[in-house]
Amino acid sequence: MPSVVIYNISKGRGKRAIRFSRQNIWLRDEGSCQYCSKALSIDDYTLDHVNPKCFGGTSCWENVVTCCYDCNQKKGERTLAKSGMR
């Protein structure tokens with residue numbers, strides 16, 4: 001038997017991941033369109049997959065941005081290079 005037993009009470013605690021959600025994406029992008037920098041209200045914006053889902057893009061923090069309806073329609077299901085957007 002060991003003479004000292006270490007009990008790790010911090011297991012399962014510590015930093016908590018921020019939940020991936022529509023509102024948190026809007027907050028991260030400071031409520032503006034990532035393509036044209038237009039200010040967007042919390043009720044009037046869309047989410048866009050930078051690398052479209054049809055090309056293997058996933059719904060993750062690195063691939064989803066807020067954008068206005070006009071920019072989302074312009075980009076469609078194309079990559080940034082094919083749509084001519086930055």
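Cation-pi contact between R78 and F55: absent, since separation from the ring centre below 6.0 Å together with deviation from the ring axis within 45° is not met.
Residue pairs satisfying the salt bridge (Lys or Arg N to Asp or Glu O under 4.0 Å) criterion with at least one member in residues 23-34, sequence neighbours excluded, are absent. For residues 32-47, there are no salt bridge (Lys or Arg N to Asp or Glu O under 4.0 Å) pairs, not counting sequence neighbours. Applying the side chain to side chain donor-acceptor pair (under 3.5 Å) rule to pairs touching residues 49-64 yields H49-S59, sequence neighbours excluded.
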**OP:** Mind running side-chain contact (heavy atoms from CB on, under 4.5 Å) on V50 and Y35 for me, showing each step along the way?
**Re:** CA-CA 10 Å; V50 177; Y35 301 123; 4.1 Å; yes
Subject >> From CA spacing to verdict: side-chain contact (heavy atoms from CB on, under 4.5 Å), L47, I25 >> reply: CA-CA 8 Å; L47 295 178; I25 296 291; 3.6 Å; yes
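Grouping Ile, Leu, Val, Met, Phe, Trp and Tyr by side-chain contacts under 4.5 Å, direct or through others, leaves Y69 on its own.
Judged as a salt bridge (Lys or Arg N to Asp or Glu O under 4.0 Å), and not counting sequence neighbours, the contacts of D48 are K75. Q23 is linked by a side chain to side chain contact (heavy atoms under 4.5 Å, CB included) to S21, L27, I42, counting only residues two or more places apart in sequence or in another chain.
Within the 3.5 Å criterion, the main-chain N or O of S32 finds a donor-acceptor partner in the side chain of T66.
Pairing each heavy atom of C68 with each of C33, the nearest pair is N-SG, 3.5 Å.
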Which pairs would a plain distance check flag for residues 79-86, meaning a side-chain donor or acceptor within less than 3.5 Å of a matching protein atom at least two apart in sequence or in another chain?
{"unit_1": "T79", "atom_1": "OG1", "unit_2": "K82", "atom_2": "N", "d": "3.3"}
{"unit_1": "S83", "atom_1": "OG", "unit_2": "T79", "atom_2": "O", "d": "3.1"}
{"unit_1": "S83", "atom_1": "OG", "unit_2": "L80", "atom_2": "O", "d": "3.1"}

